[in-house]
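Have a look at the structure below, then the notes.
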Amino acid sequence: MNYKSTRDVRENQGYVSAAEAIKEGLAPDGGLYIPESFPAISADEFVKLGKMNYAERAHFILAKFLDDYDQTLLASDCREAYSEERFPGGAAPLHTMNDGIYSLELWHGPTSAFKDMALQLMPRLLSRALKMTGEERISHILVATSGDTGKAALEGYKDVDGVKITVFYPVDGVSRMQKHQMQTTGGKNTYVAAVRGNFDDTQNGVKAIFSDRSLAENANENGFFFGSANSINWGRLVPQIVYYVSAYCDLVNSGDISCGDKINICVPTGNFGNIFAAYIASKMGLPVNRFICASNSNNVLTDFINTGVYDRTREFYKTISPSMDILISSNLERLISVLGGASLTADLMAQLKENGVYKAPDELMAKIREVFSGYSMNEEETSAAIAEVYKNEHYLIDPHTAVGYGCIKKYREATGDETKTVLASTASPYKFAPAVADALGVSYDEDNIFALLTKLADETGTVVPEPLAKTLGLEVRFTEVLDKEEMPDLVFRV
């Protein structure tokens, strides 16, 4: 399986191996790597997958994309990444909700967020890729995070040989728990800094470092090169395909659906990576009727799907679902390339960079709307969804999952489509305890937010995830705050 940039229009040129794509992260032309084709999962293979555990399913699917890797080692990496120790009770369990909705709980890993599902495996993929390509330099991983990716990447990459990692987050753009998790990270090869501005400022700062040739040359002279753990890196995206296939197998095994039945998939997303992984699963043969792209008040993706206009120059909102507070959805580029081709992708991305806006052609939008629907939730609606689910089902969900839940309801009301739906539940409600408490009417001391976790557990009869409980007693290590323009200097001094 070979990979090529989303913007590369050359025929029979520009291809790299999976290991090279994962090592490089971003293509030289600024595009994102995508596979030359999407391998199929046959009906017989779905039956086999149904009999496997999660780690075995992960290896089965990843082997189709990472065929240059040693498969014995890849299988071992999957077993270690998704072990009982890292995911107590099993990775990606399904919780049955009312009305044919199934919450795919992706937050049972070391940092209580869905990013663990990829970032417990990705460092192993990168480490192998460095050896496979004969790389002797240190890979300096740079991460821009809107909350969950940062801690998950730090946890995955800390003390990994041949790697160091620096995480940047918007100073006021993450929850207090997310901030505390990052600031207390251990590891000899980790560093964390806050950036003045929002997530897009932070992400643009990292992208500027990646695209600066002089910085790359300077890094090379100092014995390292820049790499990425964000979902722009194929090694981060490919493990996410697995849990949608796994969820389908679990639904078949439980008798909720029959093999071959179509499902809907709803994903609360800001960067479009998580939902694009689900789309890839469908291209491989997963029976999907409709993808519901769920946004918060920063509804740039919803508007794009509904109007064809992508406009990042709009007003930016800080919300109670901060991991989706994004106006530049990097992975949308991959969908555009798959459906519209590299030439159109390069043109639209150039317009976005220069003008902050582009209008996609009607032919492309028709293809997107065949399978994607876009809906959004404001703050009041999100809080109401948290309260509704808890009242009706005694099930606690975080604000991001609540956005998805509310968008399913809006989609069903608009279309009458009651197809059974898998909802990507992206974080533990305890990562956003103040917002959840406010929605449920639970009072708390704003100066002692961490005491709220215990109170929320007592009030709801639920349990604080162990990783979060452990984090509360850790000492803060990282407190630096800087401007976006200072980011290049930092990566050479840490």
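All values below were derived from every heavy atom in this structure, side-chain atoms included, with hydrogens, water molecules and symmetry-related copies excluded.
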Query raised in the report: Can you tell if the side chain of M349 reaches within under 4.5 Å of the side chain of Y358, non-hydrogen atoms only?
Result: yes

Report summary line: OH (Y157) and OG1 (T190) are apart, to the nearest 0.5 Å, by 14.0 Å

Report task. Apply side-chain hydrogen bond (donor to acceptor under 3.5 Å, both in side chains) to Y317 and N378, showing your working. Result -> CA-CA 10 Å; Y317 298 98; N378 64 31; over 6 Å; no

Query raised in the report: Is there a donor in the side chain of N233 and an acceptor in the side chain of R236, or the other way round, less than 3.5 Å apart?
Result: no

**Report entry** Check ion pair D99-R412 (N to O, under 4.0 angstrom)
**Finding:** no

Query raised in the report: Parallel, tilted or perpendicular: which fits the ring planes of H140 and F226, with parallel below 30° and perpendicular above 60°?
Result: tilted

Requested in this report: Specify whether F304 and Y310 have parallel, tilted or perpendicular ring planes, treating 30° as the upper limit for parallel and 60° as the lower limit for perpendicular.
Outcome: perpendicular

Query raised in the report: Taking atom types as modelled, is there a side-chain donor on Y15 or D8 under 3.5 Å from an acceptor on the other?
Result: no

Query raised in the report: Quick one: does N198's side chain have a donor or acceptor within less than 3.5 Å of a partner on D200's backbone?
Result: yes

Query raised in the report: side-chain hydrogen bond (donor to acceptor under 3.5 Å, both in side chains) between S376 and S295: does it pass, once the steps are laid out?
Result: CA-CA 4 Å; S376 64; S295 301; over 6 Å; no

Query - Worked check of side-chain hydrogen bond (donor to acceptor under 3.5 Å, both in side chains) between E20 and Y3 - result: CA-CA 9 Å; E20 290 169 326; Y3 294 79; over 6 Å; no

Query raised in the report: Should M132 and K23 be marked as a side-chain contact (heavy atoms from CB on, under 4.5 Å) after you check the CA-CA gap, both sets of side-chain angles, and the distance that decides it?
Result: CA-CA 10 Å; M132 291 163 64; K23 184 183 82 169; over 6 Å; no

Query raised in the report: Just how far is it from atom CG of N222 to atom CD1 of I138, taken to the nearest 0.5 Å?
Result: 12.0 Å

Query raised in the report: Is the side chain of D67 donor-acceptor paired with the backbone N or O of M1 at a distance under 3.5 Å, no angle test?
Result: yes

Report task. Would you indicate whether the side-chain heavy atoms of P322 and V174 approach each other to under 4.5 Å? Result -> no

Query raised in the report: Should L26 and L32 count as side-chain neighbours, where that means a heavy-atom distance under 4.5 Å?
Result: yes

Query raised in the report: Considering all heavy atoms of both residues, which atom of A118 and which atom of Q240 are nearest to each other, and what is their separation?
Result: CB-CG, 4.1 Å

Report task. Kindly say whether D303 contributes a backbone atom to a donor-acceptor pair with the side chain of T307 at under 3.5 angstrom? Result -> yes

Report task. Walk me through it: do D325 and N296 pass the test side-chain contact (heavy atoms from CB on, under 4.5 Å)? Result -> CA-CA 8 Å; D325 290 349; N296 62 16; 2.9 Å; yes

Query raised in the report: Does the side chain of D212 reach to within under 4.5 Å of the side chain of P488, using non-hydrogen atoms?
Result: no

Query - From CA spacing to verdict: side-chain contact (heavy atoms from CB on, under 4.5 Å), I326, N298 - result: CA-CA 7 Å; I326 296 171; N298 295 297; over 6 Å; no

Query raised in the report: Can you say whether the rings of F450 and H180 are parallel (under 30°), tilted (30 to 60°) or perpendicular (over 60°)?
Result: tilted

Report task. State whether the number of non-hydrogen atoms from other residues, nucleotides or ligands found under 6.0 Å of K283 atom NZ is greater than 12. Result -> no

Query raised in the report: Between K115 and S323, is a side-chain hydrogen bond (donor to acceptor under 3.5 Å, both in side chains) present by the stated rule, with each step listed?
Result: CA-CA 11 Å; K115 309 297 175 72; S323 296; 5.7 Å; no

**Report entry** Residue pair S231 / F276, side-chain heavy-atom distance below 4.5 Å
**Finding:** no

Query raised in the report: Does NZ belonging to K359 count more than 12 external heavy atoms closer than 6.0 Å?
Result: yes

Query raised in the report: How far does OG of S297 sit from CE of M324, to the nearest 0.5 angstrom?
Result: 9.5 Å

Query raised in the report: Which heavy atom in V371 sits nearest to a heavy atom in Y279, and how many Å separate them?
Result: CG2-CE1, 4.3 Å

**Report entry** Minimum side-chain heavy-atom gap P467-T111 below 4.5 Å
**Finding:** no

Report task. Decide yes or no for K410 and I292: does some side-chain heavy atom of the first lie under 4.5 Å from some side-chain heavy atom of the second? Result -> no

Query raised in the report: Strictly under 6.0 Å, is that where the ring centroids of F272 and F372 end up?
Result: yes

Query raised in the report: Are the side chain of T185 and the backbone N or O of M182 linked by a donor-acceptor pair below 3.5 Å?
Result: yes

Report task. Look at the side chain of D417 and the backbone N and O of T419, then say whether any donor-acceptor pair between them is shorter than 3.5 Å. Result -> yes

**Report entry** Heavy-atom donor-acceptor pair, E105 side chain to W107 backbone, under 3.5 Å
**Finding:** no

Query - Ring-ring centroid check H400 F114, cutoff 6.0 Å - result: no

Requested in this report: Kindly give the heavy-atom pair with the smallest separation between A402 and I397, and that separation in Å.
Outcome: CA-CD1, 3.6 Å

Report task. Could you please spell out the steps behind the side-chain contact (heavy atoms from CB on, under 4.5 Å) verdict for C266 and Y411? Result -> CA-CA 10 Å; C266 177; Y411 167 78; over 6 Å; no

Query raised in the report: Side chain of R312, backbone of L327: donor and acceptor closer than 3.5 Å?
Result: no

Requested in this report: Would you check if the side chain of R334 reaches a backbone N or O of I232 as a donor-acceptor pair within less than 3.5 Å?
Outcome: yes

Report task. Would you indicate whether E36, at its atom CD, is surrounded by more than 12 heavy atoms from other residues, nucleotides or ligands within a distance under 6.0 Å? Result -> yes

Query raised in the report: Does S5 reach the main-chain N or O of Y33 with its side chain, forming a donor-acceptor pair under 3.5 Å?
Result: no

Requested in this report: Report yes if some heavy atom in the side chain of I275 is under 4.5 Å from a heavy atom in the side chain of L301; otherwise report no.
Outcome: no

Requested in this report: Hey, could you give me the OG1/CG distance between T269 and N274, rounded to the nearest 0.5 Å?
Outcome: 6.0 Å

Report summary line: A193 and L482 have their tightest heavy-atom pair at CB-CD2, 3.6 Å

Query - Distance (rounded to the nearest 0.5 Å) between I101 CD1 and E418 CD - result: 8.5 Å

Report summary line: dist I320:CD1 -> M377:CE (nearest 0.5 Å) comes out at 9.0 Å

Report task. Would you mind checking if E155 and K151 are paired as a salt bridge, meaning a charged N to carboxylate O distance below 4.0 Å? Result -> yes

Query raised in the report: Distance-only, no hydrogens or angles: does the R369 side chain make a donor-acceptor pair with backbone N or O of I305 under 3.5 Å?
Result: yes

Query - Closest non-hydrogen atom pair, I241 against M284 - result: CG2-SD, 4.0 Å

Report summary line: Closest non-hydrogen contact found for L215 with I209 is CD1-CA, 3.9 Å

Query - Aromatic plane relationship, F224 with F492 - under 30° parallel, 30 to 60° tilted, over 60° perpendicular - result: tilted

Query - Test item: side-chain donor near acceptor, Q178 and Y169, under 3.5 Å - result: no

